[in-house]
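Notes follow the structure.
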Amino acid sequence: MSNSQYNEQDEQDELQKYLEEKAKQEQEKEQEPEPLSAYEACVLKESAKIHELITEAQEQSRKDG
């Protein structure tokens, strides 16, 4: 192998290590949930209630249908 081929391989190795480190950082960031604001918590709570009501209504319509 020529010297330039070694340099290309080194650059590829460095790039691979960099990308792996970036992916690892992103994954760690996703695992640490950020605290919800009061507004966000309220919206999620109300959304869950709505989904529950929709499910109940669908079940009721199946029984009545």
Side-chain angles (χ1 to χ4, degrees):
M1 261 196 240
S2 71
N3 200 16
S4 64
Q5 287 175 323
Y6 281 123
N7 287 340
E8 281 182 34
Q9 187 63 42
D10 287 346
E11 286 177 19
Q12 288 177 355
D13 289 347
E14 299 257 336
L15 181 59
Q16 184 66 31
K17 286 178 188 175
Y18 172 78
L19 292 174
E20 287 173 1
E21 186 62 32
K22 274 294 206 191
K24 186 177 172 183
Q25 288 173 358
E26 285 297 317
Q27 189 177 22
E28 287 172 0
K29 215 184 278 185
E30 289 175 9
Q31 289 176 352
E32 298 173 16
E34 294 182 18
L36 297 176
S37 69
Y39 172 77
E40 290 170 322
C42 182
V43 168
L44 289 174
K45 185 177 168 184
E46 293 302 313
S47 177
K49 284 183 189 177
I50 291 168
H51 285 286
E52 197 174 305
L53 290 170
I54 290 170
T55 302
E56 286 177 18
Q58 287 173 339
E59 288 174 2
Q60 190 65 36
S61 72
R62 284 188 196 120
K63 288 179 187 175
D64 292 345

Can you list the other members of the hydrophobic cluster that holds Leu53, where links are side-chain heavy atoms under 4.5 angstrom apart?
-> none
Using distance only, find each side-chain donor-acceptor pair of residues 17-25 under 3.5 Å and give its atom names and separation, not counting sequence neighbours.
| unit_1 | atom_1 | unit_2 | atom_2 | d |
| --- | --- | --- | --- | --- |
| Glu20 | OE2 | Gln16 | NE2 | 3.1 |

Please determine, by modelled atom types, if Glu11 and Asn7 share a side-chain donor-acceptor pair under 3.5 angstrom.
-> no
When rounded to the nearest 0.5 angstrom, what distance separates OG1 in Thr55 from CD in Glu52?
-> 7.5 Å
Below 4.0 angstrom, N of the basic side chain to O of the carboxylate: do Glu46 and Lys49 qualify?
-> yes
